Protein chains: 2
Amino acid sequence: MCESPEQVRTLFRAAGKRLTHQRELILDALEKSNKHLDAEAIHDRVKQEDPDISLATVYRTLTLLKELGLVEVHSLGTERSRYESAGDTPHYHFTCMACGKVIEFDTPLVTQVGQELSEREGIRVTEAHLHVRGYCAECAKSGGGRENDVA
Amino acid sequence: MCESPEQVRTLFRAAGKRLTHQRELILDALEKSNKHLDAEAIHDRVKQEDPDISLATVYRTLTLLKELGLVEVHSLGTERSRYESAGDTPHYHFTCMACGKVIEFDTPLVTQVGQELSEREGIRVTEAHLHVRGYCAECAKSGGGRENDVA
DNA sequence: GTCCATGCAAACTGTTTGCACGCGC
DNA sequence: GCGCGTGCAAACAGTTTGCATGGAC
């Protein structure tokens, strides 16, 4: 995470938003485990601190944090949306279709694609999500995969 | 599309599936407009031929076609899933966040990412989805965008 | 004191499923 | 004729929203 508590507070004030107990807890939960949590998982965690927090508040807060640029949302496939605190270096996701493992990686190539697009189409790129699926090293060995390549 | 009607029939038989009127209509609709249709749009189209086809059948058929490898599914963001007939050259999507326009593009860079990953992690890549968002040329001009780059 | 934020429950959306009938093979 | 496929409606999951109360500023 790259935002100090004061920065967060400033961000909130600038947006005319209040930094409530609930919102702090949700931010905390996201920062502590910077895994990819879904709304329910976040709800479970913050409920341990304050059992009265409702799932609706979690959703509303996540929407707000997304608008403030403090969290990123990944909607990988049909699964529920997953949230993680923003500000880390950009990264992309590989999901193993056999064991479900998620590997994060970074690559400058995605940035290149953005630049390529900007030049070719006059587009202004703000987000790029790359989601790669396949079989991880272990699962590929045990015969999980087929022989086609990047599709 | 790359499958002739006979190939399709063979595929169905091999899977022990029947090629019903409804399924043909749905395949047709997908092949004719190889845009990215959502289930409801497909339903609307096939209803023009047979008003009795139910949305449930559309969903069931799409699931089947996905299993047979005849259609591809794109779950871009929170929006509803979109389907298109498979077999065309791989391509990726840019969505304009202002006007909703979808631009398709292809780039060898994604394949490179796959190769990079294979080498680095021993992964076998079978799918790669790249979803770029931002503002298209027109919307960027009219001040829709902010100044951050590929994230 | 003013509003924004919250909790609750109900609404909503996209998708799936149980059931009895109908049709492809 | 056997069994998969269908239409219908109800169920479902994740997410959003209306409303009255409560809390940040």
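Note that the coordinates shown come from a computational prediction; the quantities given were computed from them, not determined experimentally. Chain A is the first sequence line, chain B the second, and so forth, proteins listed ahead of strands; every chain is numbered from 1. Computation of the quantities below employed the complete heavy-atom set of this structure, encompassing side-chain atoms and omitting hydrogens, waters and symmetry-equivalent molecules.
With dC25(D), dC8(C), dC8(D) as the candidates, the nucleotide lying closest to the side chain of A56(B) is dC8(D). Of the candidates dA5(C), dG7(C), dC25(C), the closest approach to any side-chain atom of K17(A) belongs to dA5(C). The side chain of T63(B) sits closest to dT16(C) out of dG18(D), dT16(C), dT17(C).
Look at NE2 on H21(A): it is 18 Å from C1' on dC25(D), rounded to the nearest Å. Straight-line distance from the CG atom of L64(A) to the P atom of dT6(C): 9 Å, rounded to whole Å. Between the CG atom of L25(B) and the P atom of dG24(C) there is a distance of 12 Å, given to the nearest Å. The distance between atom CG of D52(A) and atom P of dT21(D), rounded to the nearest whole Å, is 18 Å. Distance CZ (R60(A)) to P (dC19(D)): 13 Å, rounded to an integer number of Å. As rounded to whole Å, 15 Å separates atom C1' of dA11(C) from atom CG of L55(A). Between the CD1 atom of I26(B) and the P atom of dG5(D) there is a distance of 12 Å, rounded to whole Å. Summarising the geometry, the separation between CG on L68(A) and P on dC4(C) is reported as 15 Å, rounded to the nearest angstrom.
Using a 4.5 Å cut-off on side-chain heavy atoms (C-beta onward), R23(A) and L64(A) make contact.
Heavy atoms from other residues, nucleotides or ligands lying under 6.0 Å from CZ of R13(A) number 12 at most.
Neither OP1 nor OP2 of dC4(C) sits under 4.0 Å from any side-chain N or O of T20(A). For Q22(A), a side-chain nitrogen or oxygen approaches OP1 or OP2 of dG7(C) to under 4.0 Å. Taking side-chain N and O atoms only, S81(B) has a distance below 4.0 Å to OP1 or OP2 of dT15(C). OP1 or OP2 of dT16(D) has not a single side-chain nitrogen or oxygen of Y59(A) nearer than 4.0 Å.
At a cut-off of 3.5 Å, with distance as the only test, a side-chain donor of E104(B) or H36(B) sits close to an acceptor on the other residue.
With the nearest nucleotide of DNA chain D identified for both I53(B) and G16(B), G16(B) has the one nearer the 5' end. Remark on DNA chain C: of its neighbouring residues E40(B) and R23(A), the 5'-side contact belongs to R23(A), judged by nearest-heavy-atom nucleotide.
At a cut-off of 3.5 angstrom, the base of dG24(C) holds no donor-acceptor pair with the side chain of R13(B). Looking at R18(A), its side chain has no donor and acceptor atom pair within 3.5 Å of the base of dG22(D).
The nearest pair of heavy atoms linking E121(B) to A137(A) is O-CB, 3.6 Å.
By the 30° and 60° cut-offs, the orientation of the rings of F105(B) relative to Y92(B) is tilted.
Within the 4.0 angstrom heavy-atom criterion, no nucleotide atom of any strand lies near D38(A).
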